[in-house]
Amino acid sequence: MGLIAARVAMLAGATFVMCIFLLALYSVEIAFSIKYVSPKESMVAYMWDSVRWESASEPPRKVFYNRTLGFVPFYMVSLEGSKRRTEMAEFMDQSAFKMEFFPAVYGSRVTWNSTFELNKTGTHYAMFDDGKVAAKYDAKMCNDKYKRFLTFGEIGCALSHYELYRKCVRENIPMMFIIEDDVWFTKTDEDIQNVLSHLPDPSTFDLAYFQVRGITQYPRIKEMTGTDGYFYRTRASDGTYGYLFTLRFARRILENYVLYAPADELLKQWASKNRAVVLGTRHRFVALKNAPSEKWMVDGVADHIADAID
């Protein structure tokens, strides 16, 4: 009996060792099949976005994640079927961040509630496909203020951004980052993530600009609290090819939206009239592809000059 008990004990011990060995092998297999997310990229570290892996064969895709807001979408405004859209699809594929195309509006194809002629005064309402009124265009106000009328391209551009504001409100999205289809990013993915991680709560501001513009475009008014010096109060500027807006802003601008100027000029006029909280940063990263005058700013030359101006 003692011999049998000894053999049973040996068999049980061997079985236990084998189970431990197999469990270790399985753990190693799991460790090598799961992609590692560093603490720097995790929500625990209060950074934007943990890395989302869609499949083992695809490259990583990062989505900006805010610890209180959730995921912040990027939208690239682009005309369907355009050459730019095809070219920028490659840019989007190579980016580490998820972006979506947003169909831009063809100004010449807008349906109006009344007979529309491009270079005549009058008030017109752009219509949705279901026949509901979309946006008011005051051609007389435009001509009185700027001594000219908007082009079809300007109308389409402004209505494209208008549609994004509506989408923001309709889907209750806290913040939306908008880029156009002729840009490139001047900073690494890690640097971009770091900059955006310092954005304040969206209930405290309306717009934030990330466009690489002239050194006097974003004058520093005062520091924005709670951003570790990354953002400051400024005023709305030219261009709509790289900016972020909040749900607070979208709700406010849609309350009494009137189209009478190009999209960026509308933002400037609205921000001034409504005392909007507009943010600027020295860490801008969205530049136009075909604007050589912007490329020299990438190396920080403009920041040194701006420091002297301040």
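All values derive from a computational prediction rather than experimental measurement.
Atom CZ of R170 is surrounded by more than 12 heavy atoms from other residues, nucleotides or ligands within 6.0 Å.
Using a 4.5 Å heavy-atom threshold, the side chains of M141 and L259 count as separate. Side-chain contact between F74 and M92 is absent, with no heavy atoms from C-beta onward closer than 4.5 Å. Side-chain contact between E180 and T240: present, with at least one pair of heavy atoms (C-beta onward) separated by less than 4.5 Å.
A donor-acceptor contact shorter than 3.5 Å links the side chain of N274 to the backbone of W270. Looking only at distances, no side-chain donor or acceptor of D206 sits under 3.5 Å from a matching main-chain atom of V278. Listed for the R233 side chain is no donor-acceptor partner under 3.5 Å among the backbone atoms of I221. Put simply, the side chain of Y106 gets close to the backbone of E80: a donor and an acceptor are under 3.5 Å apart.
In summary, the aromatic rings of Y230 and H283 are positioned with their centroids under 6.0 Å apart. A ring-centre distance under 6.0 Å is found for F177 and F210.
Side-chain atoms of T204 and D201 form no donor-acceptor pair, as typed in the model, at a separation below 3.5 Å. Side-chain contact check for D264 and Y243: no donor-acceptor pair (N or O, by modelled atom type) lies under 3.5 Å.
Heavy atoms only, all atoms of each residue included: K136 and Y125 are closest at CB-CE2, 3.6 Å. When all heavy atoms of H161 and A263 are compared, the pair lying nearest together is CD2-CB, 4.2 Å. The two atoms that bring F149 and L118 nearest to each other are CB-O, 3.6 Å, heavy atoms only. Contact between Y146 and Q269 at its shortest, heavy atoms only, is OH-NE2, 3.8 Å. Nearest heavy-atom pair, I179 versus V286, reported as atom, atom and distance to 0.1 Å: CG2-CG1, 4.3 Å.
A salt bridge links E223 to R220: at least one charged side-chain nitrogen sits closer than 4.0 Å to a carboxylate oxygen. Taking a cutoff of 4.0 Å between a charged side-chain nitrogen and a carboxylate oxygen, E265 and K145 do not qualify as a salt bridge. Using a 4.0 Å cut-off between charged nitrogen and carboxylate oxygen, E87 and R84 do not count as a salt-bridge pair.
Shown here are the salt bridge (charged side-chain N to carboxylate O under 4.0 Å, His left out) partners of E117, two or more places apart in sequence or in another chain: K120.
Each of R148, K140, K147 was scored for a salt bridge (Lys or Arg N to Asp or Glu O under 4.0 Å) with D144, with one residue passing: K140.
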